[in-house]
Amino acid sequence: MLKVYNTLSREKEEFIPLEKGKVGIYVCGLTVQNYSHLGHIRGAVNYDVIRRYLEYKGYEVRYIQNFTDINEKIFERAREERMTPEELAEKYTQAYLEDIKRLNIKGATHYVKATDNIDEIIKMIEKIIENGYAYEVNGNVYFDVEKYTDYGKLSGRTLEEMQAGARVDIVEEKKNPLDFALWKKAPEGAIDWDSPWGRGWPGWHIECSAMSTKYLGESFDIHGGGSDLVFPHHENEIAQSETCTGKPFAKYWLHNGSVNFKGEKMSKSVGNFFTTRELLEKFTGRELRYYILTFHYRSPIEFSLEEVKNTSAGLRKIDNTLKNLLRLKESKTKEGALKNGKYKVSINEYKKAFEEAMDDDFNTARAIGIIHEFLREINSVINHMDFQLTGENMVVVNEAYEFLNTGMSILGIEKENPVIDERNTEILNDLITFILDVREEARKRKNWEMADMIRDGLNELGIIIKDTPQGVVWERVSE
RNA sequence: GGCGGCAUAGCCAAGUGGUAAGGCAGAGGACUGCAAAUCCUUUAUUCUCCAGUUCGAAUCUGGAUGCCGCCUCCA
């Protein structure tokens, strides 16, 4: 049974989609004003795994993500980079899509952006005004928080509490300082749109309400985003949507933890961030992704370059086992070899444990732990001196490979083909096989100097030699 | 100031009231001509501290301390 932690109830709840077999997810993306950093990517990886696991469970997933492409920041940055706001948004949207590709993120089924949905946004605002929850002053439209009695239900605070500790600038024309803009009169010279309230542009929160409703319906299953969006962004989305439609908005609210660095949340304004691109110069996308997934998605990450490096050793261990399994899969079974019952591996137990971990609010950290426990068991079997590739053992090898491979693809750290490397052309293969034959001959004659010279020489060319009990194997250093 | 969360080994990190997963690093051993890879053993009598509930607490309650997030643009 899949359980998810719902910010709305502050509890783990059984996941039951509104429509059987289908799941609608809306994830708040980013304002496309600069290159993405690790904080953005962390969320994207987390929701990608959630999506992959739901698909693994057989759900048909509709995954919507937005790009905020119109606001003050976009204009500011467009001026800095001397391009139009559209060009700027397009540039960083493309950059983001490239970044997530390198982290093996499947990507949304639909990407949506505010500027493509101005009509929907205006209609929604009109409806909210009509229902009596918003008012217009001087070309601005504000949501009236005092009218909406549920205001604060997501972030768990009351209007009184919020007012007590308010840090909001007092804007004279607002009825309550916490009233937020649905439509803003645009500054001079800005790109703006016609509306019943004059020219302007949408407030930040309304685009997500309008677009999620358009693509997923008035009520849908999962709404996700970073924990820093709980208030005010998601609180306001609920307020707008529910006063517009009169129906419950998203059923489950999921929030991923932040990425901190040097004791503070990684952010553009603090300046303590690594862009995804910078990190991809130091690590592979798989390494970063694996690192992210060693944390539970709701826990904050105190980021450390050193830790990414250390954690990657664990990933290499998984890769090694996969390589070894694949090698065995591709070798011939020894007919008539002894039937060996003692090499039974309880793969189903591990599979069950893996699923239980994922069912428990997508606990990838635990799931990875289970994979490593499995590694120990399967490695001890296939590396055992007595291990022979009988038909029975071949079944074990195949099932083990299948299990690992499936687990890896749920986590999105699958490797296309760990052994067959397209760089290994036939001639290269033959050449190395020949060199290794020479080395074997040297070893037979106990000419260790010669044997080691060959091994070291190949090593420098990026080829690693391993003398396993099953014979000599070689591979190229990955990446 | 208001609201919420977290504190688990040298480091990172799971943890469902029933006796502390996993990874990295370290130590010892097996295998090996030496390596690499892998396996085995070992590394928290205890989960920040103090009370309480309970037969039983890392888990629940209260308090203290420390750290983080949100309340302003944020993923």
Side-chain angles (χ1 to χ4, degrees), chain A residues 3 7 10 12 27-31 33 36-44 46-47 68 71-73 152 155-158 160-169 178 204 224-233 235 255-260 263-270 290-291 294-296 298-302 304 306-318 320-321 323-324 353 356-357 360 363-385 443 446-449 451-452 455-456 459 464-469 473 475:
Chain A
K3 283 190 162 184
T7 306
R10 261 153 253 282
K12 279 183 200 168
V27 177
C28 285
L30 62 168
T31 300
Q33 47 140 338
S36 73
H37 63 66
L38 191 67
H40 304 122
I41 282 303
R42 191 247 168 125
N46 288 148
Y47 293 109
T68 298
N71 64 23
E72 287 82 349
K73 280 220 166 131
S155 51
R157 34 190 129 184
T158 64
E160 293 72 45
E161 283 168 355
M162 287 187 266
Q163 277 160 340
R167 289 195 195 173
V168 190
D169 290 337
L178 292 163
W204 172 35
S227 57
D228 51 1
L229 295 182
V230 174
F231 190 88
H233 186 55
E235 192 71 68
H255 292 99
N256 61 277
S258 55
V259 177
N260 301 343
E264 252 183 303
K265 192 179 75 171
M266 210 179 259
S267 74
K268 292 267 159 61
S269 45
V270 180
Y290 181 77
Y291 171 75
T294 59
F295 298 82
H296 183 93
R298 280 190 285 117
S299 306
I301 295 178
E302 176 59 41
S304 144
E306 190 63 24
E307 274 304 313
V308 182
K309 208 177 128 207
N310 292 345
T311 307
S312 298
L315 180 60
R316 277 196 295 280
K317 202 169 160 185
I318 303 178
N320 258 317
T321 302
K323 277 180 202 164
N324 291 336
E356 271 169 11
D360 186 11
N363 195 332
T364 54
R366 202 160 94 205
I368 287 173
I370 287 152
I371 285 189
H372 280 279
E373 280 179 71
F374 176 72
L375 247 37
R376 191 166 55 215
E377 185 165 346
I378 194 68
N379 279 333
S380 72
V381 168
I382 61 175
N383 292 317
H384 195 102
M385 292 299 285
R443 292 180 75 206
K446 299 199 191 294
N447 187 349
W448 309 127
E449 264 182 45
D452 289 352
R455 183 173 62 197
D456 294 346
N459 223 308
I464 296 173
I465 306 303
K466 297 174 183 177
D467 298 323
T468 71
V473 297
E475 63 196 38

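The chains referred to below are lettered A, B, ... by the order of the sequence lines, with proteins before strands, and numbering in each begins at 1.
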*With P as the reference atom in both, quote the distance from B/A14 to B/C60 in angstrom, rounded to an integer.*
16 Å

*asked:* So A/T31, base contact, sugar-phosphate only, or nothing? Heavy-atom distance under 4.0 Å.
replied: sugar-phosphate

*Please report, rounded to the nearest Å, how far the C1' atom of B/C73 is from the CG atom of A/N71.*
8 Å

*Paired with B/G1: which nucleotide, if any, by Watson-Crick or G-U wobble criteria at under 3.5 Å for both distances?*
B/C71

*Regarding A/S258 and A/N260, is there a side-chain donor-to-acceptor distance under 3.5 Å anywhere?*
yes

*Tell me: CD of A/E373 to P of B/G22, nearest whole Å?*
5 Å

*Pick base, sugar-phosphate or nothing for A/G39, based on heavy-atom distances below 4.0 Å to the nucleic acid.*
base

*asked:* For the C1' atoms, the ones on B/U54 and on B/G18, what distance do you get once it is rounded to whole angstrom?
replied: 12 Å

*For A/N256 and B/G69, what is the distance between atoms CG and C1' respectively, to the nearest whole Å?*
13 Å

_Counting the atoms with a prime plus P, OP1 and OP2 as sugar-phosphate, which does A/V259 contact under 4.0 Å by heavy atoms, base, sugar-phosphate, or nothing?_
base

*What's the CG-P distance between A/D228 and B/C73, to the nearest Å?*
12 Å

*Do A/N320 and A/K466 have a side chain donor and acceptor closer than 3.5 Å?*
yes

*With both distances under 3.5 Å as the test, what is the Watson-Crick or G-U wobble partner of B/U32?*
none

_Nucleotide nearest A/W448 (side chain, heavy atoms from C-beta), chosen from B/G33, B/A37, B/A75_ = B/G33

_Watson-Crick or G-U wobble partner of B/G66, both distances under 3.5 Å_ = B/C6

*asked:* Can you tell me whether the side chain of A/D467 and the base of B/C31 have a donor-acceptor pair closer than 3.5 Å?
replied: no

*By nearest nucleotide on RNA chain B, pick out whichever of A/E449 and A/G263 is the more 5' one.*
A/E449

*Got a donor-acceptor pair under 3.5 Å from the side chain of A/D452 to the base of B/G33?*
yes

*asked:* By the 4.0 Å heavy-atom rule, please label A/K466 as base, sugar-phosphate, or nothing.
replied: base

*Looking only at atom P, what distance separates B/C34 and B/A58, rounded to whole Å?*
47 Å

_Selection from B/U38, B/G33, B/G69 that lies nearest to any side-chain heavy atom of A/E264_ = B/G69

_Going by the rule salt bridge (charged side-chain N to carboxylate O under 4.0 Å, His left out), which residues pair with A/E72 if we only count those two or more places apart in sequence or in a different chain?_
A/K184

*Using atom NE2 of A/H372 as one end and atom C1' of B/C24 as the other, report the distance to the nearest whole Å.*
10 Å

_Does a side-chain N or O of A/K265 approach OP1 or OP2 of B/C68 to a distance below 4.0 Å, or not?_
no

*So what does A/I465 hit on the nucleic acid, given a heavy-atom distance under 4.0 Å: a base, only sugar-phosphate, or nothing?*
base

*Of all the choices, B/A36, B/G22, B/C39, which nucleotide is nearest to the side chain of A/K317 once you look at every atom?*
B/C39

_Between B/A9 and B/G22 - C1' atom distance, rounded Å_ = 13 Å

*Side-chain donor or acceptor of A/E161 paired with backbone N/O of A/T158 under 3.5 Å*: yes

*Which nucleotide sits closest to the side chain of A/R455: B/G33, B/A75, B/C73?*
B/G33

*Among B/A75, B/G33, B/G69, which nucleotide sits nearest the side chain of A/A451?*
B/G33

*asked:* Pairing check on B/G18: which nucleotide meets the Watson-Crick or G-U wobble criteria with it, both distances under 3.5 Å?
replied: B/C55

*Would you say A/S312's side chain and A/V308's backbone share a donor-acceptor pair under 3.5 angstrom?*
yes

_If I pick the C1' atom on B/U59 and the same atom on B/C6, what distance separates them, to the nearest angstrom?_
14 Å

*B/U72 P sits how many Å from A/K73 NZ, rounded?*
14 Å

*Flag, side chain of A/Q33 to backbone of A/K73, donor-acceptor distance under 3.5 Å*: no

*Does B/C47 have a Watson-Crick or wobble mate here (both distances under 3.5 Å), and if so which one?*
none

*asked:* Rounding to an integer number of angstrom, what distance separates B/C50 and B/U65 when you compare their C1' atoms?
replied: 11 Å

_I'd like the P distance from B/U19 over to B/G5, given in whole Å._
28 Å

*Minimum-distance pair of heavy atoms, taken over all atoms of A/Y290 and A/I318*: CE1-CD1, 3.9 Å

*Does a side-chain N-to-carboxylate-O contact under 4.0 Å join A/K3 and A/D360?*
no

*Of all the heavy-atom pairs spanning A/E475 and A/K323, show the shortest one and how long it is.*
OE2-NZ, 3.1 Å

*Does any N or O in the side chain of A/H40 come within less than 3.5 Å of the main-chain N or O of A/H37, such that one atom is a donor and the other an acceptor?*
yes

*Atom CG of A/L375 and atom C1' of B/G22: how far apart are they, to the nearest Å?*
11 Å

*Report yes if a side-chain nitrogen or oxygen of A/R376 is closer than 4.0 Å to either non-bridging phosphate oxygen (OP1 or OP2) of B/G22; otherwise report no.*
yes

*Describe the nucleic acid contact of A/G226 in one word from base, sugar-phosphate, nothing, applying a heavy-atom distance below 4.0 Å.*
sugar-phosphate

*Any A/E449 side-chain heavy atom under 4.5 Å of A/N447 side chain*: yes

*If the P atom of B/A36 is compared with that of B/A27, how far apart are they to the nearest Å?*
13 Å

*Nearest whole angstrom, please: distance from the P of B/C34 to the CG of A/D456.*
16 Å

*Just by protein heavy atoms under 4.0 Å, how would nucleotides 10-16 of chain B read 5' to 3' in B, S and -?*
-SSSSSB

*Measure from the side chain of A/S258, starting at C-beta and using heavy atoms only, and say which of B/C39, B/G33, B/G69 lies closest.*
B/G69

*Pick the nucleotide of RNA chain B nearest each of A/N260 and A/G156; which residue has the one closer to the 5' end?*
A/G156

_Only pairs with both distances under 3.5 Å count, Watson-Crick or wobble alike; so what is the partner of B/A27 in this structure?_
B/U41

